[in-house]
Every structure is written in structure tokens, then in C-alpha cells.
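Taking it in order: structure first as C-alpha cells, then the write-up.
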Amino acid sequence: MKYLFIALIFSQITFSQVEYPKDYFRSPLDVTLILSGSFAELRTNHFHSGLDIKTQQRTGLNVYAAAEGYVSRIKIQHYGYGKALYVTHPNGYTTVYGHLQAFAPKIEAYLKAKQYEKESYEIELFPTAEELQIMTDEVIAYSGNTGGSGGPHLHFEIRDQQERTINPLLFGLDVKDSKPPTLTSVFAYPKDDKSTINNSNSRLELRFMPGKNNEYKVESIQASGEIGFSIGSHDQLDLAVNKNGLSNIQTFFNGNKKFEMDFFRFSFDESRHINRFIDYEYYKTKRTHLQKLFVEKGNVLSMFKDLDDDGYITVEEGTSSVYKVRLQDFAGNESWITIPITGKKPDSIPSKPENKKNYYVFSDQATTLNDKNVTVSFPANSFYEDTFIDFKVNNDTLYLDKDVIPLQKNVTIQYDISHFKDSEKDRLYIAELLGYKKYPSYLNTRRKENFLTASSNALGSYVLVLDTTKPTIAPVNFQDGKWLSKYRYLTLKITDDLSGIGNYRATINGKWILMEYEYKDNTLTFDFNDNIVTDTKNELKVIVTDNVGNSATFEATFFRK
Ligand SMILES: [Zn+2]
């Protein structure tokens, strides 16, 4: 713990020396900069790594290189960033543009040649500094909605040479924001068995009222021992209704600083620790992010700074004190929260709830649990702290507690499937039961003889699912036997129940064609401008395979001149 603290202090010293150039990068769009998502705002399992810039509810806006440089990476995925472009600049920073609809012609030509060579839509390329050079103000792409995007926007990032992502607003991009952050909830937490808040030894929600000068007054509490707090909050910009994240949080106890968090920069490998920063159990049950104003064991986020006693306060008997929180947005607008605290031991010792869970996992040891035909393996440090968990297996359903305890590392789940018929073994997969409806969601499942194995990032319930249904394939904008001379695109709809689409392959007259898969509307699209079709009579063949290997084939003939 001591070493960690030294490392944190050291990283702050190095940060204070960093001066980000303010006039180097231009906005990647030529429309007013309005954000639907801010840097480091709280998302599921990660902090948001860039800015989400609104594109007037449409796709196809010009995307400009933020500065001169060269295309250093092109990544095309069905999910994630969709079509993404990385431009490396002479000053060492790399800008990233995600969810794009398409690229500028010279980049598009470079990409398509590689996709045809590899016979794959999904691809990752690292062009050399000479191959795709970019001038100042050059249009590099068109904005879109590809990948894991909930509506048209541009995802924009600036990364340093250590691949850490930095708030692009630190480089001088301007966003209008005159409103201070909004407080939505306040909670108090006892640190250990000896701490109490209003005679209770568990998390307690506190009432509050907005006051003058953006100050929130919280009801006074009686407390004893070491306690901490969490808040729910968001920030709204001037031209959008979206609930964005904060830029800085500080806390003070009787005027002394206890905690600061500065959301300016982070590495991707620390992003998952968001689950230790938020109240994970509350998020999973109430879908609301509570940000803890104290640092729990094992949370190595680099965005913490100036910690005193990890942000906890110690309340002495008979004292009157004040705990204050300052919430700040990037424009510097502030809201304050004031919590009066009286030091008073509880009238009676609160009774602890009895533990009814059947296993205890030591966090620093690897642990293997087994029941009937299921084995679950936790690598060392899967959990942040020693934890009681529930574990049992019933009729191929694995109950691995509930998804309310965060995991640092993935857990491996193995099923023995010897009791299934040989014909079924190839069509089984491990699914995680998600949501109120317990929908069986496919987990990437590997089979070795009589064992199926999958990895999961969460506790929860798991089942085996047998999928013997093949995908469906249907034409959208054409029919078999027709002339398609004036068509720009060929579009098909593909769906699969249960395990989901695994892969697809399309050919015309035996030659592989590039089809772009968009999972959000279940379409495969071929662009005739790829100039693959040269014959008059053409045989289209599309094979779609689901995640367990059920395969469907679609064939059609079309004519073109
Ligand atoms: Zn984004």
C-alpha cells in the first residue's frame, strides 16, 4: 500500500509538468461542438475514453484531421468503435475518430485493397508513416453510427505516446457550459464494523436540499468512527440535454482536504477499476452511478490525487464538524455540498446481518470451486477483497452468486457435457442469464472433447443452451433472376436466434466480395463500386454461420450490364 502511494504521488509530479498545446488541434468537425458524452464519464465497466460529438442527428458529415500527420492505424469492427481511424501527429499525440460511416477516397481504397486481400470486413491495419500522409484541414472520413453506437455521433480521442487517453478539452477545444454540476444523491458509508452513521452500520442515503450559490445542504448526521461518502451527480452543457460527467471532485473535512479526483487522463488497462470506484452493487440494482469519495483497497486508478486517509474521515465523540464536497465541470462551474456531522456513538451496538453464503474466497489466492458437472476457477486477485459468495449447480444451471460484487479479473467456467448425446455436444454453448427476463446471452465457448469452457467478467447465473437452428438469410433490395444494372448496393438481412451470428462469407461467381455487417439492423451490404462485378450473369452465394456452427446458404442469380 505504501509503494502504491509513492507511485501515485510520483505520477502527479510528472503530470504537473505536462503542458498540453492549446492551439495545435482543430475541431474534427466544422459544426458547433456540442457533446453527447464527456471525457471519463461513467459507463458500464469503463470510463468514457473521449468526447462524443453530436453530428446533427445525421451521418455523413466531413471529419477533418485535427492536425497534420499520418494514418497510423485503421480498425474495423462489428462492435466497439465500428470503423475507426487513428492519426499520429508530429508532436507525438495520436487522435482517434470512431463510429465512422466511411473514409476519404485514398484511405478507403487502401483499406478495401487489404480487406479483399484478407477476405475480411473486420480488420486492423498499421500503415507506415509514408503510406497515408495527412495535411492540415484534410477531410479524412465521414461521420457515422457504426459499431457500438446508439445514434449518429463522432467519438474523438487524443492519446499520448504511452497510449493514455487525455481529455481533448485540455487542448483548447471549446464547449459552451455555464451550468454547474447537479447533485442527485448522497450516501454515507461506515468503513468497518466499529463505524456507525445514525445508529446504523450500513450504507445510508441522506436527504438534501438545493440552496443559494449552487450549494446543496444535506441533513445533519450523527456518526462515530471512520466513515466515507458517495454522490450521484452529472453535468449538463449549454446546448444539450445529455447528462455528462464531472471534471474534478474535492472533499474537505473541517477545512482540510481529504480527497481529490481529476478526470483528465487515464490508461485503458485501469478503466475497469471504475467498478471499484462506483458503488457496484447500487449500480447493478438501481442503474445509477454513485461515485465514492474514498478509495477502497486495490483501486489503482491514476485519477486519484491528494488523498488523506484514502478520503475517509474519523468522527470523534462529542465533536461538531463539517464535511464539504466541491463538484466541478471542465468550464470551472462549481457546486458545493455541505454535510454537518455530530460525533455520537450509537445508543445500542447495531447487529450485523448473518452471513448465509456458502463459500469464502481469499482474494490473493487462486480458487477453484466444483459442484456436479461444473468447475469455476478464479485466478488470484479476481476479487478486490476476501469475499463470501454463493455457489451451487442444479440441472446444468450454475448459480455463481449475483452480479453485485465487482471482479478485477475474469473467471473461467467449465461444464462437463458427457451426459449429452454426441450429436448435441457440437451445438451447445455456455450462456449468461441477463436482465429481469433472464435472457441467455452467448459467451464465447470453446469445446475440448467432453468439456465446454467460457470466460466471464461477472458473477451471475449461467446455463447450457442447445442451438440447432440455423441462421436466416433474406434479400432486402433485390430478387432472384432480376437485372440490377442501376443498383449501387446489394443488401441482405441475416438473423440468428440463440447463439447469434458467428461469421459470414459472400461470393459472386466464386470471387469473395466485401459485405459490411451492421448488427443494429441485421444487414449485410455489398457496394457495386468495389468493381468486382464485371460479368452480365452473376451467381451470388452467401453463407452465414452461427456461433455454434449451424450454417445457412443463400443463392441468387442477377444480371448487370
Ligand atoms: Zn464515445
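Atoms within each ligand, like the ligands themselves, are counted from 1 in listed order.
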(message) Going by salt bridge (charged side-chain N to carboxylate O under 4.0 Å, His left out), name the residues that satisfy it together with Glu215, two or more places apart in sequence or in a different chain.
(response) Lys217, Lys324
(request) Answer yes when Glu41 and Arg43 have at least one side-chain N-carboxylate O distance shorter than 4.0 Å, and no when they do not. (result)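 Yes.
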(request) Identify whether the distance between the nearest side-chain nitrogen and carboxylate oxygen of Glu281 and Lys284 falls below 4.0 Å. (result)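 Salt bridge absent between Glu281 and Lys284.
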(request) Using the salt bridge (charged side-chain N to carboxylate O under 4.0 Å, His left out) rule, collect all pairs that involve residues 56-76, keeping only residues at least two apart or in two chains. (result)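 Residue pairs passing salt bridge (charged side-chain N to carboxylate O under 4.0 Å, His left out), neighbours aside: Arg73-Glu124.
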For a quick test of your reading: what N or O donor-acceptor pairs under 3.5 Å do the side chains of residues 228-237 make, sequence neighbours left out?
from   : atom 1 : to     : atom 2 : distance (Å)
Ser230 : OG     : Tyr189 : OH     : 3.1
Ser233 : OG     : Gln291 : NE2    : 3.3
Gln236 : NE2    : Ala240 : O      : 3.3

(message) Is it true that, when you exclude Asp521 itself, more than 12 heavy atoms of the residues, nucleotides or ligands shown sit nearer than 6.0 Å to its CG?
(response) yes
(request) For the Zn ion (ligand 1), check which protein N, O or S atoms are under 2.8 Å away and list them. (result) His48 NE2, Asp52 OD1, His155 ND1
